[in-house]
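The next block holds one structure in the form of structure tokens; read it before the comments.
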Amino acid sequence: MKYLDEYRDSSLAKSLVAELQKAVTKPLRIMEVCGSHTMAIFRNGIRSILPEGLELISGPGCPVCVTSAPHMDAFIAIADKPGIRVTIFGDLFRVPGSHGSLANASSRGAKIDIVYSSMDALEIAKNHPEDLVVFLGVGFETTTPGIAATILAAKTQNIKNFMVFSTQKVMPPPLIALLNDPELKINGLLCPGHVSSIIGAGAYQPLADKYHLACVVAGFETADLLKGLIFLARQIGRGEAKVENTYERVVSWGGNPRAMKMVDEIFEPSDMEWRGLGVIPGSGLKIREKYADFDAEVRLNITLPEAHEAKGCMCGNILKGINTPRECPLFNSRCTPTNPIGPCMVSSEGTCAAFHKYGLDM
Amino acid sequence: MCLAIPMRVTKVEGNPDDFTTNQIATVDADGISREIRLDVVDHWPAIGDYVIVHAGFAIHSLVEEEALKNLALLRELAENMPAELLS
Ligand code: SF4
């Protein structure tokens, strides 16, 4: 697409870097919330061109990384049951639970299909009437509307062997939980691009009001990211705390009401456990009783097992922005992408995986 | 997960207000044509519009104009800088 190239235009990027340099007038700690931002920042080499005094830390925005150990164990236990076929987004396949991963379950005979979309999981259910097909819902506001639409489609088409195990999570509550943590000292938030396209830039207003935090929504191209950082640095420099949207081509103030309505039809808020952050009230979504036939937790009577986190894995603190992967004693020694100990090394959006991939491992 | 590349709509099926119809668009991304769902897109796209796709679902549709406006703002930001910083 022709105009996309211009967002990647290197002379434009150069000018934006210079502008950023000018905007940073005091030490800044900015958290990029979204795992896709973390990856885009590494991929575009933005960390290496940051002005001195600007520190970027990664937040809890990688959905696989924040999936709790009990949930991971429950996923594996479901996959091991006869007559069940589990469908997942690919990132989940190799995440370790207390004892092995879904990949291990698959090699001992569990039926696990990696899908690109939840609708593909529904197709699999149609093609395998002999199995109960469970879609493991792991994600944020960007995936929830599609999963809701899939459940609605299953109901409309009267497909009885399809259900969802929802660990879907919502974005503002964990940020509030983090901001209440005195260990975390940040001046600003680089707010997620696509989560915000659903919930709207306005969703961050309480963070600006209550915690006096500068919030800027940004896109994923080099120019988008730099623009977001410039706006943050300028805002903080002026001592302001407001919500600004620099990704107007995709994000509006009010979000996507069509998607939010679809989510509200199928899901209701629930308390949810996050890896590293514990249980956060109202931070999850469970399937409404009206759609209980599509709720794996109800139909399969799932109770979350006792689980233990891998010993020595610091994912929890990394998700909170308190430590970086380099501070983890296992990083790049016992824990590597081929032999991951924690989810932050497995997911393509995980901070440890990003540090490994882009050679920030010394 | 968040591939941000907008895809161009070449065909639209279904009725935006009726979820019993198959709400599907055919999109073109770098010459590859594929089907995506329109169940949760914010604005029903017309042929020639662009959509942002997430896990098989369009979540936002935009017209080229919006995208160009955004780019103009970026340029403005770059142009407001003193010349010595541009080299
Ligand atoms: S490097 Fe491995 S063990 Fe250490 S925090 Fe990251 S995922 Fe956990």
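Below, chains carry the letters A, B, ... as their sequence lines are ordered, and counting in each starts from 1. On a predicted model such as this, the values are computed, not experimentally measured, just so you know.
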- Note on the structure: Smallest heavy-atom separation, B:V40 atom then A:A259 atom, equals O-CB, 3.7 Å
- Message: Walk me through whether B:D39 and A:M119 qualify under side-chain contact (heavy atoms from CB on, under 4.5 Å).
- Response: CA-CA 11 Å; B:D39 308 61; A:M119 278 291 179; 4.1 Å; yes
- Message: Looking only at side-chain N and O atoms, does A:R249 offer a donor or acceptor that is under 3.5 Å from a partner on B:Y50?
- Response: no
- Item | Reported CD1-to-OH distance for the pair B:I52 and A:Y247, which is rounded to 0.5 angstrom | 4.5 Å
- Message: Taking the side chain as everything from C-beta on, heavy atoms only, tell me whether A:E265 gets closer than 4.5 Å to B:F19.
- Response: no
- Can you sort out the partners of A:A148 under side chain to side chain contact (heavy atoms under 4.5 Å, CB included), two or more places apart, ordered by chain and number? A:M262, A:I266, A:F267
- Message: For a quick test of reading the model, state the closest non-hydrogen atom pair linking A:T156 to B:T20 and the distance between them.
- Response: CG2-CG2, 3.5 Å
- Can you tell me if NZ on B:K11 sees more than 12 non-hydrogen neighbours from other groups inside 6.0 Å? no
- Item | Closest non-hydrogen atom pair between B:G56 and A:S117, with its separation | CA-CB, 4.0 Å
- Note on the structure: What one should report as the nearest heavy-atom pair of B:F57 and A:G146 is CZ-O, 3.2 Å
- Item | Atom group of A:P145 that falls short of 4.5 Å from chain B, counting heavy atoms | both
- Note on the structure: Correct closest heavy-atom pair for B:I59 and A:H194 would be CD1-CB, 4.0 Å
- Task: Identify the two heavy atoms, one from A:R258 and one from B:L38, that lie closest to each other, and give their separation to 0.1 Å.
- Result: NH1-O, 3.0 Å
- Message: Can you tell me how far apart CZ (A:F140) and NE2 (B:H54) are? Round to the nearest 0.5 Å.
- Response: 10.5 Å
- Rounded to the nearest 0.5 Å, what's the gap from OG on A:S252 to NE2 on B:H60? Could you check? 7.5 Å
